[in-house]
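Take a look at the structure set out below.
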Amino acid sequence: MLRRQPELKDSPFVLANNEKGRRVVKAVNNIAQGKGVFTGMVVADCRALVPELQLFDYDEVQPKKLLMSLAEWCIRYTPFVSIDEDGLILDASGCTHLWGGEQGYLREIHTRFKNFGYHIRMGMADTIGCAWALCHFGKNGSIIKEGKQSEAISGLPSAALRLEQSAWEKLEKLGLKTIGSFMTMPRTALRRRFGQGLLTRLDQALGAEMEMLTPIKPICPFEERLPSIEPIRTAPGIEIALKNLLAILCERLTKENKGLRKCELRCYRIDGNIQKIEIGTNRPTRNVIHLFKLFELKIQTIEPDLGIELFILEAPVVEELLSSQDALWAMSSASEAAVAELIDKLAGKIGSNAIHRYLPAQHFWPERSIIETSSLTEKPDTEWRTDLPRPLHLLPKPEYIEVSVPMPDYPPLLFHYKGIRHTVKKADGPERIEQEWWMQEGQYRDYYCVEDENGARYWLFRLGDYSSGNPKWFIHGFFT
Amino acid sequence: MRLADKDIIEQLQKQILVLQGNHKPGSEQLSVGLGEIETAFPGNVFPRAAVHELISSSAEDASSTNGFISVILGKLMQKNGCCIWISNKRKIFPPALKAFGIDPERILFVDTWKVKDALWTIEEALKCDALTAVVGEISEISFNDSRRLQLAVEKSKVTGFIHRQQPKVINAVACVSRWKISPVASILPGKMPGVGFPRWNVELLKVRNGQTGKWLLQWSPKGLEYISEQISTTKMYERETA
């Protein structure tokens with residue numbers, strides 16, 4: 001909200017929507033909060049408290065979307081980011097040294113968010129439970145050293161254990177206001193009174209029990225990152241970064257005898273935007289030069305704007321690289337690789353849906369007699385038929401022609417196509433092709449090969465027969 | 001002219017031919033098997049490492065032209081190799097290619113919408129020496145563009161065909177030859193009714209260092225047949241009187 005309307009920075013405002021016939025506050029900014037407005041209040045009451053309060057509509061989906069995009073943005077700090085109900089959980093293990101230790105890590109995140117206009121609360125600990133408690137109830141930005149969880153949470157209210165409302169209300173009622181007050185009690189007594197849930201949460205916070213997280217983005221085993229010291233804005237800069245990343249990634253692939261089929265370069269801009277380019281290959285490859293060429297065609301599409309601060313190269317699809325692949329078109333393996341690389345290059349520039357390869361299909365209906373294949377190595381199951389005449393040029397859609405026919409079941413004497421009159425001198429046919437009723441309903445076609453006075457040869461057909469009125473004639477192809 | 005001078009001149013001519021992108025005569029270059037037509041080219045061999053230009057002026061001509069290309073492709077590809085067919089309004093029906101001795105699954109069809117993309121694709125394909133041939137169906141090509149293609153094939157030794165359908169202007173291009181193919185009425189032996197084997201009027205309008213010519217060809221399962229003008233006309237005459 002603040003990012004879009006910076007002028008709101010110094011004025012109190014709330015987001016509200018209708019609930020049971022009245023306007024209820026759903027979110028408050030910190031100035032309004034300072035004046036005593038809190039979520040759940042009725043708007044009329046708030047107005048009485050703070051007359052200059054500004055009101056905006058609350059969008060149910062917006063916070064979720066925002067949280068998601070923030071989570072994606074946070075991938076720059078660690079590959080493992082997951083979304084909690086109202087916050088983000090970052091697994092920072094092994095990442096903090098890049099920002100000069102844990103303090104620096106938190107400070108960096110805090111300043112960046114502050115610059116964006118967000119007020120965040122942070123906590124860092126060995127367990128998710130402990131970090132959550134600190135973040136919601138502890139001192140903002142506190143870091144708990146290894147093994148000090150129990151000390152850290154003992155002073156916090158029992159609600160900090162992520163318990164259900166009924167459970168912590170019960171604890172409060174019994175005077176167990178802080179976690180420390182019941183942490184040392186016998187486990188059997190706690191279980192009997194408050195159920196297993198409390199113990200689980202306690203163990204999770206203290207690190208006695210494992211807790212799983214689901215990252216927003218599955219972590220790709222083949223991923224390389226390259227942070228840049230200065231924001232990069234030029235194409236040569238991006239190229240250098242890409243080359244470095246590809247070299248590292250391909251070296252890893254070589255070690256594991258694998259080749260990549262899909263590769264994605266993500267560029268994190270300093271304004272929080274993420275630019276993406278993606279390539280695909282037809283067969284597993286780890287050839288740096290080839291991969292770079294594929295990316296090269298797309299580098300122009302990256303908008304560096306103010307600069308890129310982090311590059312991530314990811315290979316989401318990786319396959320075993322077989323030394324001897326199926327012989328493709330009886331060519332040497334070097335030629336095959338060259339063709340496959342050419343196809344990748346073409347697909348990168350004009351799109352893979354522009355490249356077609358066909359195999360025979362067992363249908364008489366001309367449009368269905370071929371089947372497209374996306375593989376370069378697939379071989380036909382059946383032979384191509386050559387016993388029936390088929391034109392070299394087939395119109396994508398049969399075109400209507402006007403004909404004059406001497407009698408039913410005869411080829412036409414002449415026909416008009418695109419305003420030109422063609423007199424039929426010779427003709428062959430008919431070849432009747434029935435509709436395959438299990439695929440499509442319709443009339444059969446009677447195909448004729450005809451030759452006109454200029455020697456040009458055509459493939460015409462009549463749809464249906466004369467018993468059902470006047471059938472239509474179409475031109476469907478040109479013979480050589 | 002002294003005999004020695006003549007030798008020197010011949011030697012120089014051969015060298016020039018090689019410089020112009022033709023293969024050395026007698027080296028690995030093999031005859032494609034087109035018969036008489038090949039005599040029109042220098043060294044009596046159909047040039048493989050070259051770009052050929054074919055012009056068609058109507059949809060019927062285009063089909064015959066592609067038929068003629070398919071005949072050459074069939075000879076070039078034999079039982080192996082791969083070909084890329086680039087076009088923006090593709091009409092080729094793959095099963096029909098089998099009749100020309102081509103396995104349709106060994107041809108990759110590339111459809112491009114923009115002329116610029118088509119030219120780029122043709123050039124990239126011609127640069128790939130693993131391919132046997134490249135067919136590009138575009139209507140307009142500038143001299144400079146054709147020169148780029150020629151340079152690409154001189155390096156990769158790929159055979160290129162540029163099929164120009166109904167071009168607005170027939171400009172000079174840097175291709176080794178220019179062909180024009182049009183269909184001719186087919187003739188069945190005797191008085192049999194029906195449509196016979198495809199026949200074409202093949203004109204070689206331009207050829208670098210060679211002889212232009214005109215042939216009447218028939219394509220049948222037996223292969224390419226040359227038909228002399230007289231026989232065909234007498235046959236026509238017989239037919240009409242009969």
Side-chain angles (χ1 to χ4, degrees), chain A residues 328-332 334-343 345-346 349-350 353-360 366 369-370 373 376 378-380 383-386 388-396 417-418 425-429 448-458 477-480, chain B residues 58-68 70-71 79-82 84 89-100 103-114 117-118 120-121 124-125 127-131 181-186 188 193-196 198-201 219 221:
Chain A
L328 160 72
W329 309 318
M331 285 156 75
S332 69
S335 311
E336 271 175 35
V339 174
E341 283 180 7
L342 172 71
I343 299 302
K345 204 169 169 186
L346 298 185
K349 171 110 176 179
I350 52 175
N353 52 358
I355 299 165
H356 310 273
R357 185 171 171 255
Y358 298 99
L359 293 178
S369 64
I370 51 172
T373 169
L376 279 182
E378 197 181 337
K379 293 200 176 88
E383 283 287 302
W384 292 92
R385 294 188 68 129
T386 51
L388 296 162
R390 286 291 176 265
L392 188 63
H393 276 193
L394 193 78
L395 293 170
Y417 174 56
K418 287 197 172 163
K425 288 283 175 197
K426 299 181 191 111
D428 264 341
Y448 294 89
C449 316
V450 299
E451 188 178 282
D452 73 354
E453 72 276 22
N454 298 322
R457 288 164 280 271
Y458 306 89
F478 299 89
F479 285 95
T480 56
Chain B
S58 64
E60 292 86 353
D61 284 359
S63 172
S64 296
T65 308
N66 276 341
F68 183 68
S70 307
V71 169
K79 279 282 151 230
N80 50 42
C82 157
I84 292 194
K89 276 172 266 164
R90 182 163 50 89
K91 285 190 192 148
I92 290 285
F93 186 49
L97 290 169
K98 189 71 188 173
F100 294 97
D103 292 329
E105 75 268 14
R106 283 200 273 127
I107 294 190
L108 291 168
F109 296 96
V110 180
D111 294 341
T112 54
W113 290 104
K114 290 185 225 152
D117 281 346
W120 178 86
T121 314
E124 287 300 321
K127 276 184 195 162
C128 178
D129 53 9
L131 297 174
I181 291 106
S182 47
V184 172
S186 63
L188 277 176
V195 182
R199 280 187 182 204
W200 310 305
N201 202 354
W219 175 258

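Here is the naming used below: chain letters follow the sequence lines, and residue numbers restart at 1 for every chain. These numbers were taken from a predicted model, which means no experiment stands behind them.
- Residues passing the side-chain hydrogen bond (donor to acceptor under 3.5 Å, both in side chains) test with A/S369: none are found, sequence neighbours excluded.
- Nearest approach of B/P193 to B/L188, heavy atoms of both residues: O-CD1, 3.2 Å.
- With respect to the salt-bridge test (charged N to carboxylate O, under 4.0 angstrom), the residues A/K425 and A/D452 do not qualify.
- Contacts between A/L342 and chain B at a heavy-atom distance below 4.5 Å involve the side chain alone, from C-beta outward.
- With a threshold of 4.5 angstrom between heavy atoms, B/W113 does not approach chain A through any atom at all.
- Here the shortest heavy-atom pairing between A/R457 and B/V195 reads CD-CG1, 3.7 Å.
- Among the candidates B/G67, B/G194, B/G196, the residue making the largest number of heavy-atom pairs closer than 4.5 Å to chain A is B/G194.
- Under a 3.5 Å cut-off, the side chain of B/R106 and the backbone N or O of B/G81 do form a donor-acceptor pair.
- Only the backbone of A/F479 comes within contact range of chain B, with at least one heavy atom under 4.5 Å from a heavy atom of that chain.
- Proximity to chain A (any heavy atom under 4.5 Å) is shown, for B/F68, by neither the backbone nor the side chain.
- Side-chain contact between B/P104 and B/K98 is present, with heavy atoms from C-beta onward closer than 4.5 Å.
- For B/V110, the parts lying under 4.5 angstrom from a heavy atom of chain A are both the backbone and the side chain.
- Taking A/E453, A/R385, A/R390 one by one and counting their heavy-atom pairs under 4.5 Å with chain B, the maximum is reached by A/R390.
- Proximity to chain A is limited to the side chain of B/I84, based on heavy atoms less than 4.5 angstrom apart.
- For chain A, the nearby part of B/S70 is the side chain; its heavy atoms alone come within less than 4.5 Å.
- For A/P389, no part sits under 4.5 Å from any heavy atom of chain B, backbone or side chain.
- The minimum heavy-atom distance between A/Y358 and A/I370, with the atom names listed, is CD2-CD1, 3.7 Å.
- Contacts between A/I350 and chain B at a heavy-atom distance below 4.5 Å involve the side chain alone, from C-beta outward.
- At least one side-chain heavy atom of A/L392 sits under 4.5 Å from a side-chain heavy atom of B/L97.
- Contact of A/P380 with chain B is made through the side chain alone, with heavy-atom distances under 4.5 Å.
- Looking at A/L359, the atoms closer than 4.5 Å to chain B (heavy atoms on both sides) all sit in the side chain, from C-beta outward.
- Your options are B/A62, B/A59, B/A125, B/P198, and the one with the most heavy-atom pairs under 4.5 Å with chain A is B/P198.
- Note that CD1 of B/I92 and NE2 of A/H393 are 4.0 Å apart. Values are rounded to the nearest 0.5 Å.
- Heavy-atom distances place no part of B/W219 under 4.5 Å from chain A, backbone and side chain included.
- Residues forming a salt bridge (charged side-chain N to carboxylate O under 4.0 Å, His left out) with B/E124 (at least two apart in sequence, or on another chain): A/K345, B/K127.
- The contact between A/I343 and chain B is made entirely by side chain atoms (from C-beta outward), counting heavy-atom distances below 4.5 Å.
- For B/A99 against A/T386, the heavy-atom pair with the smallest separation is N-CG2, 4.2 Å.
- The part of B/T112 that comes within reach of chain A is its side chain, from C-beta onward, which places non-hydrogen atoms under 4.5 angstrom from that chain.
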